[in-house]
Amino acid sequence: MDRFEIQRKIFTYVAVLLGISVLALIVVLPRLIQEISPDGIPKAAPIATAVAACVRLLILMGILIGLRLTNRKRRINKEINLAVAVVLILLGLVLMDGAFAYVDSLVFVSVGFFLAVFCDFAAAAVSIVALFLLRKKKA
């Protein structure tokens with residue numbers, strides 16, 4: 001198995017982790033909508049969760065399209081994948097704030113958010129480690 005195939009396989013794992021993150025946010029969304037009340041969850045919480053899921057879905061589509069296009073060139077653009085990893089870390093940190101906000105009242109929502117945060121961090125870590133482990137060695 002050559003270097004390109006290894007990179008492609010690793011970034012497929014990154015796409016799977018990101019897909020699990022999106023799925024966790026989509027599963028949590030109906031529960032957030034159900035719990036909207038004047039003294040409880042504000043109306044902006046489900047909207048922010050939907051936006052977070054859409055952003056992750058766009059990143060996932062970009063990764064999948066990028067993997068499909070790199071099959072022709074046999075080269076994976078490392079800078080874009082590093083940028084995606086940094087963005088996923090930042091999105092995970094933002095979502096972690098929401099996860100801690102629902103620990104006391106909505107445990108299901110909090111667990112879903114923590115699962116999404118874990119998948120974001122794991123996808124970013126796998127992506128960064130793969131870029132450093134599989135870099136070309138100069139002759």
Side-chain angles (χ1 to χ4, degrees):
M1 188 181 289
D2 66 338
R3 181 170 300 186
F4 170 76
E5 291 299 325
I6 294 171
Q7 281 181 333
R8 191 162 179 236
K9 193 174 202 179
I10 288 172
F11 289 122
T12 304
Y13 294 144
V14 169
V16 167
L17 284 169
L18 196 56
I20 292 171
S21 175
V22 170
L23 189 64
L25 290 177
I26 289 173
V27 167
V28 164
L29 196 57
R31 177 73 179 188
L32 274 177
I33 293 172
Q34 180 184 4
E35 294 294 325
I36 293 177
S37 65
D39 358 326
I41 296 175
K43 290 182 181 178
I47 295 170
T49 304
V51 168
C54 288
V55 168
R56 284 170 177 78
L57 191 60
L58 286 174
I59 293 172
L60 175 64
M61 287 174 42
I63 288 173
L64 292 176
I65 289 171
L67 284 175
R68 178 65 83 187
L69 291 177
T70 57
N71 198 15
R72 296 182 202 156
K73 294 187 289 184
R74 306 265 315 156
R75 194 180 123 247
I76 293 179
N77 195 347
K78 294 178 177 114
E79 294 83 13
I80 292 176
N81 288 318
L82 186 63
V84 166
V86 170
V87 168
L88 283 176
I89 289 172
L90 293 176
L91 288 174
L93 289 173
V94 169
L95 192 61
M96 192 182 298
D97 180 44
F100 281 117
Y102 299 119
V103 169
D104 295 334
S105 58
L106 297 171
V107 177
F108 177 73
V109 173
S110 181
V111 168
F113 280 1
F114 278 122
L115 178 65
V117 168
F118 171 75
C119 288
D120 287 345
F121 286 160
V126 167
S127 179
I128 291 172
V129 167
L131 289 175
F132 285 115
L133 288 179
L134 298 173
R135 66 179 184 249
K136 282 188 176 179
K137 296 184 169 118
K138 294 184 180 178

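When a residue number appears, it is its place in the shown sequence, counting from 1.
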> Just wondering, are more than 12 heavy atoms of other shown residues or ligands nearer than 6.0 Å to CZ in Phe118?
Replying inline: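 Not more than 12 within 6.0 Å, no.
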
Heavy atoms only: give me the nearest [X]-[Y] pair and the separation to one decimal.
X	Y	value
Gly92	Arg56	N-NH2, 3.8 Å
Ala15	Leu60	O-CD1, 3.2 Å
Ala130	Ile10	CB-CG2, 3.3 Å
Val103	Ser110	CG2-OG, 3.4 Å
Gly112	Val28	CA-CG2, 3.6 Å
Ala116	Ser21	O-OG, 3.4 Å

>> Against Leu18, only a single residue in Leu64, Ile63, Val84 fulfils side chain to side chain contact (heavy atoms under 4.5 Å, CB included); can you say which?
In response: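 Single pass found, and it is Ile63.
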
Check the hydrophobic clustering (I, L, V, M, F, W, Y; side-chain heavy atoms under 4.5 Å; chains of links allowed) and say if [X] and [Y] are grouped together.
X	Y	answer
Ile89	Ile59	yes
Val22	Ile20	no
Val117	Val14	yes
Leu23	Val111	no
Leu115	Leu93	no

> Mind checking whether Leu25 and Leu95 have side chains closer than 4.5 Å, heavy atoms only?
Replying inline: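 They are in contact (side-chain heavy atoms under 4.5 Å apart), so the answer is yes.
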
> Can you list the steps and then say if Phe11 with Val126 is a side chain to side chain contact (heavy atoms under 4.5 Å, CB included)?
Replying inline: CA-CA 8 Å; Phe11 289 122; Val126 167; over 6 Å; no

>> Can a donor-acceptor pair be found, under 3.5 Å and without considering hydrogens, that links the side chain of Ser127 to the backbone of Ala123?
In response: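 No; zero donor-acceptor contacts below 3.5 Å.
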
> Yes or no on side chain to side chain contact (heavy atoms under 4.5 Å, CB included) for Leu106 and Phe113, after CA distance, side-chain angles and deciding distance?
Replying inline: CA-CA 11 Å; Leu106 297 171; Phe113 280 1; over 6 Å; no

> Could you go step by step and tell me if Leu88 and Phe121 meet the side chain to side chain contact (heavy atoms under 4.5 Å, CB included) rule?
Replying inline: CA-CA 7 Å; Leu88 283 176; Phe121 286 160; over 6 Å; no

> Say you draw a straight line from CG of Asp120 to CG of Leu91; how long is it, rounded to the nearest 0.5 Å?
Replying inline: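 One finds 6.5 Å between CG of Asp120 and CG of Leu91.
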
